[in-house]
There are 2 protein chains.
Amino acid sequence: MERVDSKLLKLLQEDASRTNADLAAEVGLSPSSCLRRIRRLKSAGVIDRVVALLNPAKAGRGMKAIVTVELERHGEQHMRRFLELAVMEPAVIQAYSVSGSTDAVLMLRLMDMDEFDTLCERLFRDRTNVARYYTMFVIRTAKETTAIPL
Amino acid sequence: MERVDSKLLKLLQEDASRTNADLAAEVGLSPSSCLRRIRRLKSAGVIDRVVALLNPAKAGRGMKAIVTVELERHGEQHMRRFLELAVMEPAVIQAYSVSGSTDAVLMLRLMDMDEFDTLCERLFRDRTNVARYYTMFVIRTAKETTAIPL
DNA sequence: ACCGGCTTGCAATATTATTGCACAAGACCG
DNA sequence: CGGTCTTGTGCAATAATATTGCAAGCCGGT
């Protein structure tokens, strides 16, 4: 990957709504050439997609929580089953299986505590094979970027 | 917020590269009206910005880790100082101060273990006021969305 | 130096976004 | 009820932007 591509990716990760001519000028290329590079990056899958990011508070989801989960019975089968459950929840925006003594980590986007409460009932109730879970509510967000460092 | 706006937001969170006419048709509005709604959402700050999402593996950052941090000395001052350090690291893509017995949580995007190693040296060394930290490496990503549920 | 593959810039063309304007839907008030 | 003010809408013209064909330039291999 060349220097120009990396520059383009960096810019597009910051703001993908800029015009092609604008980007072209910044990286020192002609608009057509610039566009072709971007298209190549897209079809190569380096650029996965372009999305709008909302302001969580203004979208009514100002509360965020991180939950670590330890399962009762471990193993591929049980892990998969739990993650399937978690993935179905709209409030779950990230769900990972992880190494270490905790089995899974969930990132939640919540409206309020009530939503958290009902979510817990659905995910961590008796039959869901969850031995214990630990919730950390986000107090301050110091950094939160979708940009992958280049 | 109306039904149409919420529909638009949902669509734009999935794919912000669609043409205005396309979106307009899907929500049953004329292109001009649709465009004005989107612009209103932007200037109201509901839509924060639009960005390109990269494929982490293809961008050379396939490794992901979640780190919980407990500080030696607690309190606003020390917390702020630690977060300032963390935020400066490009590999740190999310940094939160949280409630509970752990003080902060970091989300890392890494190239390899070497990078993790050197990062730890910088962030968790003696003088950084970190009492203990626990790292969970992401084994499987079951869900990872930037979309806020509406 | 020469060839082949790939990238570039330019200019023409096609798409798409944007704006002005007249009209329709409520909300509010006499 | 009728008036009127605010807000949103669709249409059509216009402006901005993306896209393509093509000739030329660059670069590595021989």
Side-chain angles (χ1 to χ4, degrees), chain A residues 1-62 90 111 145-150, chain B residues 1-62 90 111 145-150:
Chain A
M1 181 140 9
E2 304 186 30
R3 180 126 192 291
V4 177
D5 288 289
S6 141
K7 214 169 183 176
L8 276 175
L9 290 175
K10 206 172 295 181
L11 292 172
L12 288 172
Q13 285 193 114
E14 293 299 321
D15 182 1
S17 70
R18 297 176 61 179
T19 71
N20 181 48
D22 194 7
L23 291 170
E26 183 146 349
V27 301
L29 239 62
S30 74
S32 60
S33 208
C34 180
L35 180 65
R36 275 186 283 245
R37 287 215 176 213
I38 293 173
R39 257 215 295 259
R40 195 155 58 82
L41 289 168
K42 269 180 192 156
S43 68
V46 182
I47 296 177
D48 188 41
R49 56 194 186 137
V50 9
V51 301
L53 301 182
L54 306 192
N55 180 322
K58 294 188 177 171
R61 296 256 172 183
M111 306 178 62
T145 179
T146 58
I148 291 172
L150 301 171
Chain B
M1 179 139 11
E2 306 186 29
R3 177 127 192 290
V4 177
D5 288 287
S6 141
K7 214 169 182 177
L8 276 175
L9 290 175
K10 205 172 297 181
L11 293 172
L12 288 172
Q13 284 192 114
E14 293 299 320
D15 181 1
S17 69
R18 297 176 62 179
T19 70
N20 180 49
D22 193 8
L23 291 170
E26 184 145 348
V27 301
L29 239 63
S30 75
S32 60
S33 207
C34 180
L35 180 65
R36 274 186 283 247
R37 288 217 176 211
I38 293 173
R39 257 214 297 258
R40 194 155 58 82
L41 289 168
K42 270 180 192 158
S43 68
V46 181
I47 296 178
D48 187 40
R49 55 193 186 138
V50 6
V51 301
L53 301 182
L54 306 192
N55 179 322
K58 292 188 178 170
R61 297 256 173 184
M111 305 178 62
T145 180
T146 58
I148 291 172
L150 302 170

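Because the structure is predicted, anything quoted here is derived from the model rather than measured.
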Fill in the blank from the handout: Result for salt bridge (charged side-chain N to carboxylate O under 4.0 Å, His left out) between E26(A) and one of K10(A), K7(A), R18(A) points to R18(A)
Handout entry: Whole angstrom value for the distance that separates P of dT16(C) from CG of L23(B)
Key = 12 Å
Exercise for the section: Round to a whole Å and report the spacing from CZ of R40(A) to P of dA18(D). Expected result: 19 Å
Practice task
Round to a whole Å and report the spacing from CG of L35(A) to P of dA14(C).
Solution key: 17 Å
Exercise for the section: Could you state the atom-to-atom distance from CD1 of I38(B) to P of dG8(D) in whole Å? Expected result: 15 Å
Exercise for the section: Flag the pair L41(A) / L12(A) as yes when at least one side-chain heavy-atom distance between them is below 4.5 Å, and no otherwise. Expected result: no
Practice task
With the side chain counted from C-beta on, respond yes when V50(B) and V51(A) share a heavy-atom pair under 4.5 Å apart, and no when they do not.
Solution key: no
Problem - Spacing between N20(B) atom CG and dG10(D) atom C1', to the nearest angstrom - result: 13 Å
Exercise for the section: Identify the heavy atoms of A16(B) and A52(A) that sit nearest to each other, and give their distance. Expected result: CB-N, 3.6 Å
Exercise for the section: Would you indicate what T19(B) reaches in the nucleic acid, counting non-hydrogen atoms under 4.0 angstrom: base, sugar-phosphate, or nothing? Expected result: sugar-phosphate
Problem - Length of the CZ-P vector between R37(A) and dA18(D), whole Å - result: 18 Å
Practice task
Please determine, for the side chain of S33(B), which listed nucleotide (dG10(D), dA17(C), dG9(C)) has the closest atom?
Solution key: dG10(D)
Exercise for the section: Return no unless some side-chain N or O of S30(B) is found under 4.0 Å from OP1 or OP2 of dC11(D). Expected result: no
Exercise for the section: Measure the distance from CZ on R36(A) to C1' on dT17(D) and round it to the nearest whole Å. Expected result: 16 Å
Exercise for the section: Can you tell me the distance, in whole Å, between the CZ atom of R39(B) and the P atom of dA16(D)? Expected result: 13 Å
